[in-house]
2 protein chains.
Amino acid sequence: MGSDDPRRTLTLRDVSEASGVSEMTVSRVLRQRGDVSDATRERVLKAARELGYVPNKIAGALASQRVNLVGVVIPSLSNMVFPEVMTGISAVLENTGLQPVVGVTNYLPEREEKTVYEMLSWRPSGLILAGLEHSAASRAMLRQAGVPLVEIMDIDGQPVDSAVGISHRRAGRQMAEAIVASGYRNIAFMGTQMPNDFRAKKRLEGFEEALRRAGLALVDREYYDGGSALLKGREMTAAVLRRSPQVDFLYYSNDMIGAGGLLYCLDQGIDVPGRVGLAGFNGVELLDGLPRRLATMDACRLEIGTKAAQIIAARNADPELGPEVIELFPTLQPGDTIRQR
Amino acid sequence: MGSDDPRRTLTLRDVSEASGVSEMTVSRVLRQRGDVSDATRERVLKAARELGYVPNKIAGALASQRVNLVGVVIPSLSNMVFPEVMTGISAVLENTGLQPVVGVTNYLPEREEKTVYEMLSWRPSGLILAGLEHSAASRAMLRQAGVPLVEIMDIDGQPVDSAVGISHRRAGRQMAEAIVASGYRNIAFMGTQMPNDFRAKKRLEGFEEALRRAGLALVDREYYDGGSALLKGREMTAAVLRRSPQVDFLYYSNDMIGAGGLLYCLDQGIDVPGRVGLAGFNGVELLDGLPRRLATMDACRLEIGTKAAQIIAARNADPELGPEVIELFPTLQPGDTIRQR
DNA sequence: ATGAAAGCGCTAACAC
DNA sequence: GTGTTAGCGCTTTCAT
């Protein structure tokens, strides 16, 4: 077998010996680089295939100082928003020879710090990171890293390097303005209990700011933590309407709890949007299947993913390129749950 | 600054020079290995922190022949099932020093082959791979790989190495038996148009087999492709009920389209489960928030993730351990959409 | 408790 | 078109 230890993995040398060609030439064939005669190429490929050789990228990366990996650090996979961002990223990277590698932080800053550290320690070709708020240590690492970095989702703040996102503060403001313009006056808010979801927090800030300018304030608010978002939306909505019967609009921090609230209102025979209006945030596909279309705002998830990946790819191809900050503009989808005036 | 090229990333040597200690000792401090005096440790840590040094895992991995990465290859992130598997995997790996790395195949065998190849070329500490069906080339690579492998989700077939999953064939059978036992006789099926979703296919096979044994056959069937699953569930259900008015049970290949069907039936004022019964598959959290509880089967997603990660972790700690095949048993949740007899 | 030497498996750079 | 040499940044092993 040409090997003493049967459990050792194959190396270039094994392919070299099996094909009677130098390691260097084998390397060239396998990387499709430089000129190799067809005859040699065939012999090498045959030998590699027969042995079942898989190149060792660790050694290759160390020698070439090149790693075709792009780290993607996101808070969660389970809220329908990041999977779509990933779709955009994957679609773009597919044609660039770069591979996305996902890390999940669960909205915990210490997990983010650790994940960023781990990713950077693999010297990736780029890093895509959700949000603009990071620990001091994370920011220091990111600045030092020397790889293209794109902070995504949010634009309200100071990016370390490049950024692609929307203004959540403005999104909240816009929604509040639309609601007030439609004549609603007694507005309640429902959201998740997540101190580190800064984007939800900014939306609410913008929302309340616009209310204040209209001489209004939130009539009630409710937060939840864990469990089925749809169910929690129902429960919170029931609680709010019971506690504050004067409420005529329900603003949700995301579509999933908004959908739960909508189903609850319809169950109860509440006139929507006459007696009560509702709005969520994200523009998730799910809404298309509900009995009534929930008002929402598209968070530009796919486009955020594609633009971020494009920045990484471009800066990889041309290291002279500088940072780039791209703001996207979500559109308000009034659906059927806001009164038309 | 002790460096000619300001863009060069820091190495052990930089920390060594900054702290006046040999590279070897710096390495020991940073890996928390071997005996180092407290004074030296402090000096080294201080220097590393001040420089913003991030170790190069590529070099470390090459030298130590050890990579603390576990590849996870799954078909999709967007169907609520794999995120929960990931949660189970992450929870277990967190305490082992191993890090999950996700790759997505979109149910395409060629993408799976490429992803497996890429992952193996990083010489990970283990690989977790969804499903038992893989291309011949993939199987060959996996056999040669020399790393612990766990195929997850499915148990109906021949694993390459370890496996954790449920029998989808039996799950389909069980559901059919429950439906028939409840007196339904005119049963229609709705599912996704995905030739490579072998688990959905096996469920349907088991389902039809049980029907056959009861002297029945599917009355109608409908497939969809892409778009909002909830909406497609509504549309397919409307089409089936229009086309085959005699249908008294709707079996869906997943909960999301089942939920759409349920909402449609309720919208239409159809008596559920009297006139029509419904059932899905997966036991997703979403169902908790619907007006009526859809019958379903829990796919043991979290437990599949944890068990798979445990196998990898255990075999990493003790390389003498052999493969392990674990079958889990999903429970049928009748909900409110199957008649009680 | 600390240091020196060798080498992990590959590729850049150059020679032929 | 192919081979040779050196070395990527660490860790292993052995010496002190």
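Owing to the predicted nature of the structure, the values given are computational and were not obtained by experimental measurement. Letters go in sequence order (proteins before strands), and every chain restarts at 1.
Looking at A/Glu84 and A/Ile304, their side chains never come closer than 4.5 Å, going by heavy atoms from C-beta outward. Between B/Val85 and B/Leu302, every side-chain heavy-atom pair lies at or beyond the 4.5 Å cut-off. Side-chain contact between A/Met194 and A/Asn196: absent, with no pair of heavy atoms (C-beta onward) separated by less than 4.5 Å.
No side-chain donor from either of A/Glu324 and A/Ser162 sits under 3.5 Å from a side-chain acceptor of the other. For the 3.5 Å distance criterion, the side chains of A/Ser27 and A/Arg31 qualify, holding a donor opposite an acceptor. In this model, no donor atom of one side chain and acceptor atom of the other lie less than 3.5 Å apart for B/Ser90 and B/Thr87.
No donor-acceptor pair closer than 3.5 Å links the side chain of A/Asp154 to the backbone N or O of A/Ala130. Of the possible donor and acceptor atoms, one in the side chain of A/Ser19 sits under 3.5 Å from a partner among the backbone N and O of A/Val15. Looking at B/Ser138, its side chain never comes within 3.5 Å of a backbone N or O of B/His134 through a donor-acceptor pair.
Overall, the helix from C/dA1-D/dT16 to C/dC16-D/dG1 carries an axis bend of 30° between its ends, with five pairs at each end and the value rounded to 10°.
Close approach of DNA chain D to chain B, defined as any atom under 4.0 Å from a non-hydrogen atom of the protein, starts and stops at D/dG9 to D/dT12.
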Give every donor-acceptor pair under 3.5 Å between a side-chain atom in residues 96-109 of chain B and any protein atom, sequence neighbours left out.
unit_1, atom_1, unit_2, atom_2, d
B/Thr96, OG1, B/Leu93, O, 2.6
B/Thr96, OG1, B/Leu98, N, 3.2
B/Thr105, OG1, B/Tyr107, N, 3.4

Compile the donor-acceptor pairs under 3.5 Å between side chains in residues 141-148 of chain A and protein atoms, sequence neighbours left out, one pair per line.
none

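Of the residues in residues 36-49 of chain A, those lying under 4.0 Å from DNA chain D by heavy-atom distance are A/Val36, A/Ser37, A/Thr40.
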Once each nucleotide of nucleotides 9-16 of chain C is scored for protein heavy atoms under 4.0 Å, what B/S/- sequence comes out, 5' to 3'? BBBBB---
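Within the model, atoms CG of A/Leu149 and CG of A/Leu120 stand 8.5 Å from one another, a figure rounded to the nearest 0.5 Å.
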